[in-house]
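Only one structure is covered here, and it is reproduced in the block below.
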Amino acid sequence: MNASAVLALLNLLASPPDTARIVPRDSVAGPVMTTLIAAVHSSQDTVRRRRKAIEVSEWYEQRLRIHRYGAYAIAPLFVLQSIAGEQLYDDPKNGPAWAKNSMRYGATALAGLFTSNSITGLWNLWDSRHAPGGTRRTIHALLMLSSDAGFTYAGSKLADEAENSADKRGEHRKWAYGSMAATVAGVTVIRFWPED
């Protein structure tokens, strides 16, 4: 390709799509440019299909708002539970009273928030099942449900046993931090994965 063909190509790519281009057939760039012009103009003339409207219930936005506020409240509770748990890890019976109370009330608050977010999230997942972005929402839901299960196991099964056994404390900590990691992964998926 010679310099005039390169300039013609650059001019074609930089120009508005509705500008006509005439390239003499007897020039060196004629056949190449004619093919390129046809390809560019045919792609620019293609009409994009509009997104299909998806109907959701009237309560979809309200449930989504409740779900988001619950998610924002979870982060400080994670921090509080981590700090209190570290205070109680070595000696849970003689640990500070504030840490014991924080673990008890923080776990109850987390259980309430996770229950609320599971209900509102699954309800909205079902309500928007025909909308684009279903893969992203489903992965988010699965990660959050696995986090629910991990916290339930850590709280209901391991919390009482952790007071008397160092092994169970270690297991409780692993399940709690693993569930926190699943929560962060779920939030990352829904927040940063681009919609379809």
### Query
Which of these passes side-chain contact (heavy atoms from CB on, under 4.5 Å) with M103: L80, I83, L88?
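Checked L80, I83, L88 against M103; only one passes side-chain contact (heavy atoms from CB on, under 4.5 Å): L88.
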
### Task
Quick one: do H67 and N124 satisfy side chain to side chain contact (heavy atoms under 4.5 Å, CB included)? Show the steps, please.
CA-CA 10 Å; H67 189 82; N124 275 3; 5.8 Å; no

Minimum heavy-atom separation for [X] and [Y], please, with both atom names.
X: S102; Y: A84; result: CB-CB, 3.9 Å
X: H172; Y: A154; result: ND1-O, 2.8 Å
X: Q87; Y: A99; result: CB-CB, 3.9 Å
X: W175; Y: G150; result: CE3-CA, 3.7 Å

Quick one: does [X]'s side chain get under 4.5 Å of [Y]'s, heavy atoms only?
X: M144; Y: I190; result: no
X: N164; Y: K93; result: yes
X: W193; Y: T135; result: yes
X: R137; Y: R129; result: no
X: L64; Y: E61; result: yes
X: I74; Y: L110; result: yes

To the nearest 0.5 angstrom, please state how far the [atom1] atom of [X] sits from the [atom2] atom of [Y].
X: E163; Y: E161; atom1: CD; atom2: CD; result: 11.0 Å
X: R136; Y: F192; atom1: CZ; atom2: CZ; result: 11.5 Å
X: S57; Y: Q62; atom1: OG; atom2: CD; result: 8.5 Å
X: S147; Y: L143; atom1: OG; atom2: CG; result: 8.5 Å

### Query
Under a 4.5 Å side-chain heavy-atom rule over Ile, Leu, Val, Met, Phe, Trp and Tyr, are L158 and Y89 clustered together?
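As far as the 4.5 Å side-chain criterion goes, Y89 and L158 are not connected within one cluster.
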
### Query
Going hydrophobic residue to hydrophobic residue with side-chain gaps under 4.5 angstrom, can you get from F78 over to L113?
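Yes, because F78 and L113 connect within a single hydrophobic cluster, where side-chain heavy atoms sit under 4.5 Å apart.
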
### Message
Donor-acceptor pair, distance only, cut-off 3.5 Å: does the side chain of S165 make one with the backbone of K168?
### Response
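A pair under 3.5 Å: yes.
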
### L122 and L145: CA distance, side-chain angles, deciding distance, side chain to side chain contact (heavy atoms under 4.5 Å, CB included) verdict
CA-CA 10 Å; L122 290 172; L145 288 173; 4.2 Å; yes

### Query
Any ring-ring contact (aromatic ring centres under 6.0 Å, His included) pairs touching residues 97-131, not counting sequence neighbours?
F114-F151

### Query
Between K174 and E171, is there a side-chain N and carboxylate O pair less than 4.0 Å apart?
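Salt bridge flag = no for E171 with K174.
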
### Message
So for atom CZ, which belongs to R68, do other residues, nucleotides or ligands contribute more than 12 heavy atoms lying within a distance under 6.0 Å?
### Response
no

